[in-house]
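Beneath this line is the structure, given in structure tokens, with notes to follow.
All chains are named by letter (A, B, ...) in the order of the sequence lines, taking the proteins before the strands, and each is independently numbered beginning at 1. As a basis for the values below, the full set of heavy atoms in this structure was taken, side chains included, without hydrogen atoms, waters or symmetry mates.
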Amino acid sequence: MLVDLPGGWSPLLGRLAWSQIPYANPILAPLFVAVVIGAIIVLGLITYYGKWTYLWKEWLTTVDHKKLGVMYIIIGLVMLFRGFIDGLMIRTQQVWAVGPHSSGVFGSLHGYLTPFHFGQVYSAHGLIMILLAATPLLVGFMNIIVPIQIGARDMAYPYLNALGLWITAAAAALIMISLFVGDFAHNGWFEYAPIFEMQYSPGVGVDYWIWTLQLVALGTTLGGINILATVIKMRAPGMTWGKLPIFVWASLSANVIALTSFPALQVALGLVAADRYLGAHFFTAGMGGNLMLYTNLFWIWGHPEVYFVILPAFGMMSEIFPTFSEKPLFGYITMVLASMAIAGVSWLVWLHHFFTMGAGPYVNTAFSVATMLVGIPTGVKVFNWAFTMYRGRLTFNAAMLWAIGALFLLLIGGMTGMMLAIPAINYMVHNSVFVVAHFHSMLLVIVYAIFGSVLYWFPKVFGFKLDEFWAKTMFWLFSAGTALVFVPMYMLGFMGMTRRLEYVFNTGWQSYLDVMEFGIVVYTLSVLAFFILLYVSVRDHAKNRVGADAWGTSRSLEWMTHSPVPFYNFAVLPHINERDEVAWRRQHGIDNVRPEHYDDIHMPNNTGVAIILGGLTFVLGFALTWRIWWLCIVSLLAIIVLMIIRSFRGDPGYIVTGAELQRMEEEAYRREAQIADSHHSHPVSGGVVGNAMAYQRNDSSKRL
Amino acid sequence: MSSHASTVDPKKAELWDTHHHTHDVISTRTLGYFLYLLSDGMLFATLFAAYGVLSYQHSYFGGPTPAEFVKPWYTFAQTIALFLSVLAYGFGMNALKHKNKSGLINGMLAAFVLGVVFLVLDIHDMNHLYSMGITLASSGGMSAFIVLTQVHATHIFFGLIWILVMIAQVMTKGFTEETVGRLLTLRMFWHLQAVIWVFVYIFVYLWGYIS
Ligand code: HEM
Ligand SMILES: [Cu+2]
């Protein structure tokens, strides 16, 4: 052992001991029981219906970018739910623990959470929402949509894609297990030096934080490489850069950021780990360490990261607006340039997160001006969307509502960001809830764009539309919640309420906090509406079946292939003639032209290696957190050996014969014709939930 | 700009990919690997930045500084070993061009041995520091010095494993699309580590020695 650990350590279990399980905690213990019962029920159901082989063959070992994307989105939604519960807990504590006379339960002086527990809740909330909800959701959409939009059959590296997913899943599992084994970091989602040092945070919380983030960083870097290479190398013939769909451009610029910025995070975390595990002095208060070095390194990644998450959201909005305005996107080229400019400038502004460090007027001014520069390309985008809608034939369905909502939030968040970018203002409101309201406006842009995209692309992936009524109900509830929570939060920020208070000393703020609590209840209703939406849509799926072009007004390539998308995406790759190829073909009446004949195609095989490697990285992260050294070594060796074995075996892939393709395509066309003339009078089966018969491969396909 | 004027005649347009253009496996693979190396470069850039911040006089907190223990000639020997290793790898790749399997394997073996020499010298150096009581925990400055140099050494270590794996793959499988692709990516990796070593040698060892 390299540093003096407070508390026990044994060679077999490291720091792990029974006392680390919070079975006496009145909140966690019942939750744990509920989770165990839930898990038993789910596993039991899978066994009862005999779905294990299906699950293993079709999902857990898949390398199909669409299925991987769906799993990314499921992880993202589950974590979004977890993060939401954390948010609910934070709000409830703050509305309860106001003033010296407020009551306290569960061992807490005020409210129901002790300071230590409250700290864990808001730290986990921030980390989860940005890195394990928003990021996987966006990566999931990029995974599903980018290859289809560029007319490819898969990503450049399907196996790497699966690996990225399972590493992300391992990260999610690691932060979830910190609920029940040990504790999580309690110093905020981005931590501070030197409080994260062993001396001040002796528990395993910071270690969980380090390894969770480290795994997310690894998974996201792998995903970023994959998307960049896919866009550069796999475009269909004829798709020049000027014809690239706008969402692909957005993904490209976002992943340029991811690829270049995540290493900075990995180093920052690695150095924290060196301090905590090896006794190094990078960020210690004495011995020549430098506290602000940490803050700089973190935000050198942190600011580009916020643009990494918002650029794909901008891309989604740029797809939704034209489709439901029945017009091409206004200012395609400026949109592309704006994305690239945002990606570039995002590197030059990190210091605005700590103007109060006191770097001096020149440095602060430089970063202030750089920050405001971001407003120019962002403004260009806002105007482009507005002009896209201007004199368009607008359809206000739920997807469009979410996109418009995102636009309004972007205005609010952008304006308040500009205010924060002025050091003189920043010194007043830094670390107040005004900042919290600013970045929630911004991150909600992403959430709005994501829900819009869920509605927009759901029919493409699953073959039927989601229910409009419940989608709109959810939208209005959610928006009411947004207004009720964040308007008072901006006001409280101006009044000087600092962030992360587990006890609110000023009783004058009670009424604002009451409104916010009411807002979070409305949010809860919108979550319920979302569950109902899923239930109703699946129940009625046969009524809502759609053909290739689900909306009838869509423009880009993903709408050319069938819904649900066959595993090979396109039986014959299209040749691209125009920027909005689908709209162009529809306009000229050639959207029904089918390929003349089908040739054999080559597809990658499934592999179980990726999920096993993901499991091993989870074990490694857990062992590192608890300092179980033998387990670290064993899991690391297993990872290396497995990678070597895989590299010897390689993957020859398999051939789908032209005849078989033709059979599947004809089946799909037959379904589509049925849908077209049924006019929803009598339901058409199929789609993923019905049965995806159309794309069942029979075993005549040649294995290589 | 918003109404993108059509330039293609829809009646004569080519709608399907009839020429079956295929994706070149090797170039796709090397591109992806190049992207990964970019991120590896960023990793080192960040470490250099941290080293820059932590190499002031006060960063050593009155303890030992590189000026007291760096031996430029010893580290120069490491430099030579690593460069010769890269050169040997280059000879091996030259043999690949002539489909000369034994030439390639000899080159790789020489690269491996020279890489081991580099790593042994590094480990010996670290042991020497340890025996003088200089560790990561001595001061912020020493933490930065040791972590930067040893992260580089770790890269070399994994590169050596990879060289062995590739020797085995070439012996068992010969020159397939996969093995050749991997030989190329490994070469990129090995070259980058040598380039980074140049920066380590100049900015960490030599700079530390003279300041
Ligand atoms: C118009 C562009 C933007 C400007 C001018 C801007 C400006 C700022 C400034 C100056 C701060 C520091 C406030 C402080 O701590 O005193 C800040 C914080 C923050 N911003 Fe923005 N921002 C912009 C866009 C975004 C976007 C697009 C996102 C995310 C999608 C975002 C997320 C955040 C987050 C997460 C924080 C605070 C992190 C924390 O302290 O926990 N911002 N922003
Ligand atoms: Cu920022």
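Atom CG in B:Leu136 sits 15.0 Å away from atom OH in A:Tyr277 (nearest 0.5 Å). Atom-to-atom distance recorded for B:Thr179:OG1 and A:Phe648:CZ is 10.5 Å, nearest 0.5 angstrom. How far OG1 of A:Thr284 is from CZ of B:Phe61: 8.5 Å, rounded to the nearest 0.5 Å. In this structure, CD1 on A:Ile300 lies 8.5 Å from CE on B:Met42, to the nearest 0.5 angstrom.
Using non-hydrogen atoms only and a strict 4.5 Å limit, the part of residues 156-178 of chain B facing chain A consists of B:Phe158, B:Ile161, B:Val165, B:Ala168, B:Gln169, B:Thr172, B:Lys173, B:Glu178.
Closest heavy-atom contact between A:Leu271 and B:Ala50: CD1-CB, 4.0 Å. Nearest heavy-atom pair, A:Val572 versus B:Asp17, reported as atom, atom and distance to 0.1 Å: CG1-O, 4.1 Å. The heavy-atom pair separating A:Val267 from B:Leu43 by the smallest distance is CG2-O, 3.5 Å.
The part of A:Leu297 that comes within reach of chain B is its side chain, from C-beta onward, which places non-hydrogen atoms under 4.5 angstrom from that chain. In this structure, no portion of A:Phe387 lies under 4.5 Å from any heavy atom of chain B. For A:Met292, no part sits under 4.5 Å from any heavy atom of chain B, backbone or side chain. If you measure heavy-atom distances from A:Arg594 to chain B, the contacts under 4.5 Å come from the backbone alone. A:Leu293 touches chain B through its side chain: at least one heavy atom from C-beta onward sits under 4.5 Å away, while N, CA, C and O do not. For A:Ile576, no part sits under 4.5 Å from any heavy atom of chain B, backbone or side chain. Using a 4.5 Å cut-off between heavy atoms, A:Leu265 does not touch chain B at all. Residue B:Leu15 touches chain A through both its backbone and its side chain, counting heavy-atom pairs closer than 4.5 Å.
Shown here are the ring-ring contact (aromatic ring centres under 6.0 Å, His included) partners of A:Tyr390, two or more places apart in sequence or in another chain: there are none. For A:Ala156, the side-chain contact (heavy atoms from CB on, under 4.5 Å) partners are A:Asn226, A:Ala229, A:Thr230, A:Met234, B:Thr28, not counting sequence neighbours.
For B:His124, the NE2 atom is loosely surrounded, since the number of other residues' heavy atoms within 6.0 Å does not exceed 12. At most 12 heavy atoms of other shown residues, nucleotides or ligands fall within 6.0 angstrom of atom CD in B:Gln57.
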Verdict with reasoning, A:His281 to B:Ser143, per side chain to side chain contact (heavy atoms under 4.5 Å, CB included): CA-CA 6 Å; A:His281 289 287; B:Ser143 303; 4.1 Å; yes

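The residue among B:Tyr60, B:Phe44, B:Trp16 with the most heavy atom pairs within less than 4.5 Å of chain A is B:Trp16. Interface summary for chain A: among B:Val147, B:Val151, B:Leu38, the most heavy-atom pairs under 4.5 angstrom belong to B:Val147.
Within the structure, side chain to side chain donor-acceptor pair (under 3.5 Å) contacts touching residues 32-43 of chain B (residues at least two apart or in different chains) are B:Asp40-B:His155, B:Asp40-B:Gln193.
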